[in-house]
**Q** 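Would you mind keeping the following structure in view while I ask a few things?
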Amino acid sequence: MASEADKVAEEVQKSSIDDDEDIVNPWDVVSSSAKGVDYSKLIKRFGSTEIDKELIDRMVKLTGKPTHHFLRRGIFFSHRDMHQILDLVEKKKGFYLYTGRGPSSESMHLGHLIPFIFTKWLQDTFDVPLVIQMTDDEKFLWKDLTIEETNQLAHENAKDIIACGFDKDKTFIFSDVEYISESTEFYKMMCKIQKLVTFNQVKGIFGFTDSDSIGKISFPAIQATPSFSSAFPQIFKGKKDVPCLIPCAIDQDPYFRMTRDVAPRLGLLKPALLHSTFFPALQGAHGKMSASDPNSSIFLTDSDDQIKTKINKYAFSGGKPTEEEHRKYGGNCDIDVSYQYLNFFMEDDDKLADIKSRYSSGKMLTGELKQELTTVLQKLVGEHRERRLKVTDDIVNEYMKSRKLKFDY
């Protein structure tokens, strides 16, 4: 019987030769449709499970708190073993959260915020500890950057992450470059994973070639390691059976399908996952944004004027070519980037529904829709900038200090 790692390798190879399939992997997201990736097909291809009303209702019932709009609107749309996590909650047992960031640029953009906004909600809602992996080693291996530069970017990006409001007493942010060298248990777990995954499997899953460095080939084991509580003895008192829940964009899923394949052979629990859709580039939903293209997204360092200019100049419109046609036929919210951004960041369901109705009917023009988005994003980014200014290097060091978190297992 084929392992999960072998199955994901087969699917990656299939999608690379099937023109009808969207390309979705940790480095490339490409769709032939202006609507973006077909997520229902992706669920079937990856073998995950749709987040349905039953799961959402169960979360509300167990926590006694309203659900996040990312769940209500299908922005987090797929999962692996979330019901098992809720079984633990029902039994008053704990779990921990794990997510991460690859620091390749000094400023993060709006798309980078999505997993952190949702992870903060999960931390607050379930009152659990969180580990955040800064993969400065990965970016050194893949980008034209020195390891000193990527390590410095990890600390800069940590400021944006901290500005999201994570509980310092229950959050550990770590740089791979720094933490692996000081944690015997993390390194031992890494080695165990490396031993169980073949070169053939990682070539199939991640598309590595014979000319790729051995650093790239071994990296997936590093991203897999935080999925196991034994990698953090200072947090979990050496316990090896604390379950892990990973919120991430679905392009990261191949890493964790590999991890879930390895877990039983290590005698450990498979991590559970919650998958998000992709945040579209300003130019449209054909692919994901690039931190190296300043016009592909709104960055967290952008001024109010820059935000307004980018939206007006670059945000792909689902409106009609002339006002007369637009008034008659209405706009297409399925491809309109300004509406899609509002779907992510406008929390008021009723107001969003009203905008969709007016834009689709032609009562609202593209310029008016872009003004709505500009107002929302100027407020969101402006407030984030203010919080980030208060995050000093000393505060970053407090979050990144290896320590016991305020949680008992």
**Q** In chain order, what residues pass the side-chain contact (heavy atoms from CB on, under 4.5 Å) check against Asp354, with sequence neighbours excluded?
**A** Arg358

**Q** Is the backbone N or O of Phe174 less than 3.5 Å from a side-chain atom of Tyr399, with the two atoms forming a donor-acceptor pair by type?
**A** no

**Q** Taking Pro243's backbone N and O only, do any of them form a donor-acceptor pair with Gln84's side chain (distance below 3.5 Å, no angle check)?
**A** no

**Q** Could you tell me how the ring of Tyr255 sits relative to the ring of Phe206: parallel (under 30°), tilted (30 to 60°) or perpendicular (over 60°)?
**A** tilted

**Q** For a side-chain hydrogen bond (donor to acceptor under 3.5 Å, both in side chains) check, start with the C-alpha distance between Ser227 and Thr259, then their side-chain angles and the critical distance, and finish with the verdict.
**A** CA-CA 8 Å; Ser227 307; Thr259 308; 4.5 Å; no

**Q** May I ask you to decide whether Lys139 forms a salt bridge with Glu149, counting only side-chain N to carboxylate O separations under 4.0 Å?
**A** no

**Q** Any ring pair (Phe, Tyr, Trp, His ring centres under 6.0 Å) pairs touching residues 354-376, not counting sequence neighbours?
**A** His326-Tyr359

**Q** Using the rule side chain to side chain donor-acceptor pair (under 3.5 Å), only one of Asn157, Thr150, Asn151 pairs with Asp136; which is it?
**A** Asn151

**Q** Taking only Lys NZ, Arg NE, NH1 and NH2, and the carboxylate oxygens of Asp or Glu, determine whether Arg327 and Glu324 approach each other closer than 4.0 Å.
**A** no

**Q** Do Phe219 and Phe140 have ring centres separated by under 6.0 Å?
**A** no

**Q** Of all residues at least two apart in sequence or in a different chain, which pass the salt bridge (Lys or Arg N to Asp or Glu O under 4.0 Å) check with Glu372?
**A** Lys351

**Q** Sort out for me which residue in Ser48, Ser276, Ser40 forms a side chain to side chain donor-acceptor pair (under 3.5 Å) with Ser78.
**A** Ser48

**Q** As a quick check of understanding, evaluate side-chain hydrogen bond (donor to acceptor under 3.5 Å, both in side chains) for Gln371 and Thr375, giving each step before the final call.
**A** CA-CA 6 Å; Gln371 181 54 53; Thr375 301; 3.2 Å; yes

**Q** Can we say Glu386 and Lys390 salt-bridge, meaning some charged N sits less than 4.0 Å from an Asp/Glu carboxylate O?
**A** no

